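Notes for the one structure printed next.
Everything numeric here is computed off the predicted structure, so don't read it as measured data. Every number for a ligand or one of its atoms is a count from 1 in the order of the listing.
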Amino acid sequence: MAIDYSLYLVTDSTQAILGDKDLASVVEAAVEGGVTVVQYRDKTSETASLIRMGKRLRAITQKYNVPLLINDHVAVAQAVGADGVHLGQEDMDLGTARRILGPDAVIGVTANNLSEAVVAASEGASYLGIGTVYATPTKENTKSIIGTAGVKKILHRLSTMNMTIPTVAIGGLNASNVQRVMFQTKAPTKRLDGVAVVSAIVATEDPKAAASRLKILIGRVPVSM
Ligand code: TZP
Ligand code: MG
């Protein structure tokens, strides 16, 4: 089944981003607004609580027929029946995750640079999360800010290598820059399949409206081009 990566929601359970809202309600509203993939990312909760919330998110994503991926935790993905996982460079290696989850699992990998992108693509990642595009308080690692130029460079290399792997950009993306990121990074045979956002949806009072606005923007060529 081909996945629509166009508006990829990454969750955050911290008070700073989620506030007092219920994560499952935010995810449901976001999916109603047009989010096409959900990644459950929770860096602090214990396994039991990850599984509890993961199961709630599984029920919601199943209802709307949207894929659910789990950040970092392959065992949690299995326990909740998620479609797959998203792995950073510091997480379980792709081959091991693939052996555990099987050939049909969706396994995404974060790529901060050209070599990480090419390695993950050739080792059978299902998609790449490319970033960090812009600095963001949601993830404090300013050394790997690559900008639109960095994203474009990676897409060009994948394009020249005829690598058709889906790609999403991540990091500091919001309604004021997603069009630019989508359209200024295009390579001859390769463009971003979508954008991944955390705070632009999770930190808003109206996640449904935020998602539907982003969805419109990413499909529309900016007037300035
Ligand atoms: N990986 C690179 S940046 C980032 C992740 C998970 C966080 C992006 O958060 P936001 O709020 O969409 O900038
Ligand atoms: Mg990780």
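What sits closest to atom 12 (O) of ligand 1 on the protein, heavy atoms only, is Val198 N, 2.8 Å. The protein atom (non-hydrogen) at minimum distance from atom 1 (N) of ligand 1 is Lys139 CD, 3.4 Å.
Ile170 counts as a contact of ligand 1, since one of its heavy atoms falls under 4.0 Å from the ligand.
Closest non-hydrogen pair, Ala196 versus Leu173, comes out as O-CD1, 4.0 Å. Heavy atoms only, all atoms of each residue included: Thr160 and Arg157 are closest at OG1-O, 2.9 Å. In this structure, Arg220 and Phe183 approach most closely via the heavy-atom pair O-CE1, 3.2 Å.
Distances below 4.0 Å separate heavy atoms of Val197 from the following atoms of ligand 1: 12 (O). Listed by atom number, the atoms of ligand 1 under 4.0 Å from Gly172 heavy atoms are 10 (P), 13 (O). Using a 4.0 Å cut-off to heavy atoms of Ser199, the atoms of ligand 1 that qualify are 10 (P), 11 (O), 12 (O). Ligand 1 places these atoms under 4.0 Å from at least one heavy atom of Thr132: 2 (C), 3 (S).
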**Request:** Could you go through the salt bridge (Lys or Arg N to Asp or Glu O under 4.0 Å) check for Lys139 and Asp12 one step at a time?
**Result:** CA-CA 10 Å; Lys139 186 174 171 124; Asp12 191 300; over 6 Å; no
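For a distance bound of 2.8 Å, the N, O or S atoms of Asp72 include one lying that close to the Mg ion (ligand 2).
Taking the Mg ion (ligand 2) as reference, the nearest N/O/S atom within Asp91 carries the name OD2.
Below 30°, between 30° and 60°, or above 60°: for Tyr5 and Tyr127 the angle between ring planes is between 30° and 60°, a tilted geometry.
With no hydrogens or angles considered, a side-chain donor-acceptor pair links Arg98 and Ser126 at under 3.5 Å. In summary, the side chains of Thr47 and His73 do not present any donor paired with an acceptor at a separation below 3.5 Å, with no hydrogens or angles considered.
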